[in-house]
Amino acid sequence: QVQLVESGGGLVQAGGSLRLSCAASGRTSNNYKMGWFRQAPGKEREFVAAITWSGGGTYYADSVKGRFTISRDNAKNTVYLQMNSLKPEDTAVYYCAAALGRSLMGPYDYWGQGTQVTVSP
């Protein structure tokens, strides 16, 4: 079992930046891939970004490519999502997820509780 706790969400103006963190605990010795997803009001949850256990491979949704950067520090059992040039359409609850397996798109087995990101015009 892996427990995930997100932090770093908040309110920011368009064009601003935020950095989300996701701290993992529990069986973190396994080689988990990590991902970020988001869900806006009235919409389905969507993939944002993911990273391999080693950090050598990343994958981004087209909507965030060039603006968001995913990274991880395995010594701290933490994955980050640096979000720059934020847009109002980035407003959503952001979820961290973890799983074994090769495909960065999923599926994911473990989920955090989410952190709210609100981008004002």
Side-chain angles (χ1 to χ4, degrees):
Q1 291 286 337
V2 176
Q3 294 78 44
L4 304 172
V5 179
E6 302 96 334
S7 61
L11 173 65
V12 64
Q13 288 187 330
S17 298
L18 282 175
R19 188 176 81 155
L20 305 183
S21 298
C22 174
S25 61
R27 190 171 289 182
T28 56
S29 60
N30 288 340
N31 298 349
Y32 290 104
K33 65 189 177 190
M34 301 291 292
W36 286 96
F37 293 75
R38 66 187 182 186
Q39 187 167 19
K43 295 186 177 181
E44 294 188 352
R45 185 170 59 195
E46 64 175 359
F47 170 82
V48 174
I51 189 167
T52 58
W53 177 83
S54 68
T58 57
Y59 188 71
Y60 297 91
D62 288 342
S63 58
V64 306
K65 201 172 295 183
R67 300 187 298 122
F68 291 11
T69 302
I70 189 171
S71 62
R72 67 190 297 165
D73 184 339
N74 287 342
K76 296 181 179 180
N77 294 322
T78 301
V79 63
Y80 305 97
L81 186 68
Q82 177 67 44
M83 306 186 294
N84 299 328
S85 301
L86 282 161
K87 304 175 182 179
E89 51 263 45
D90 294 317
T91 295
V93 177
Y94 282 71
Y95 297 91
C96 174
L100 299 173
R102 298 185 64 180
S103 173
L104 290 180
M105 290 292 291
Y108 284 83
D109 301 309
Y110 304 102
W111 296 85
Q113 83 290 347
T115 185
Q116 176 70 47
V117 172
T118 303
V119 184
S120 63

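Residues: numbered from 1 along the sequence shown.
Residues Val12 and Met83 fail the side-chain proximity criterion, which asks for heavy atoms closer than 4.5 Å. Side-chain contact between Leu81 and Val48 is present, with at least one heavy-atom pair separated by less than 4.5 Å. Counting only heavy atoms from C-beta outward, the side chains of Phe68 and Gln82 never approach each other to under 4.5 Å.
Looking only at distances, a side-chain donor or acceptor of Asn74 sits under 3.5 Å from a matching main-chain atom of Trp53. Lys33 contributes a side-chain N or O that, together with a main-chain N or O of Ser103, makes up a donor-acceptor pair within less than 3.5 Å.
Take Ala14 and apply the side-chain contact (heavy atoms from CB on, under 4.5 Å) test, not counting sequence neighbours, and it matches Pro88, Val119. For Gln116, the side chain to side chain donor-acceptor pair (under 3.5 Å) partners two or more places apart in sequence, or in a different chain, are Thr118. The side-chain contact (heavy atoms from CB on, under 4.5 Å) test applied to Ser25 returns Gln3, not counting sequence neighbours. With sequence neighbours left out, Thr58 forms a side-chain contact (heavy atoms from CB on, under 4.5 Å) with Ile51, Tyr60, Ile70.
Counting only residues at least two apart or on different chains, the disulfide (SG to SG under 2.5 Å) pairs with a member in residues 84-114 are Cys22-Cys96. Counting only residues at least two apart or in different chains, salt bridge (charged side-chain N to carboxylate O under 4.0 Å, His left out) contacts with residues 39-49 comprise Arg38-Glu46. Judged as a salt bridge (charged side-chain N to carboxylate O under 4.0 Å, His left out), the pairs with a partner in residues 66-87 (not counting sequence neighbours) are, in order, Arg67-Asp90. The side-chain hydrogen bond (donor to acceptor under 3.5 Å, both in side chains) analysis of residues 6-20, with sequence neighbours excluded, yields the pairs Glu6-Gln113, Ser17-Asn84.
What you find for Arg27 and Val2 is that their closest heavy atoms are O-CG2, 3.7 Å. Nearest heavy-atom pair across Ala40 and Ala92 is N-CB, 3.8 Å.
Between atom CG of residue Leu100 and atom CG of residue Asp109 there is a gap of 7.0 Å, rounded to the nearest 0.5 Å. Of the inter-residue distances, the one linking Tyr94 atom OH with Thr115 atom OG1 reads 10.5 Å to the nearest 0.5 angstrom. Here the OG1 atom belonging to Thr52 is positioned 15.5 Å from the OH atom belonging to Tyr32, to the nearest 0.5 angstrom.
Within 6.0 Å of CD in Gln1 there are 12 or fewer heavy atoms belonging to other residues, nucleotides or ligands.
Phe47 belongs to a hydrophobic cluster with Phe37, Tyr59, Val93, Tyr95, Leu104, Met105, Tyr108, Trp111, counting contacts under 4.5 Å between side-chain heavy atoms of Ile, Leu, Val, Met, Phe, Trp and Tyr, direct or through other members.
Cluster membership check: Leu18 does not share its hydrophobic cluster with Tyr80, using side-chain heavy-atom separations under 4.5 Å among Ile, Leu, Val, Met, Phe, Trp and Tyr.
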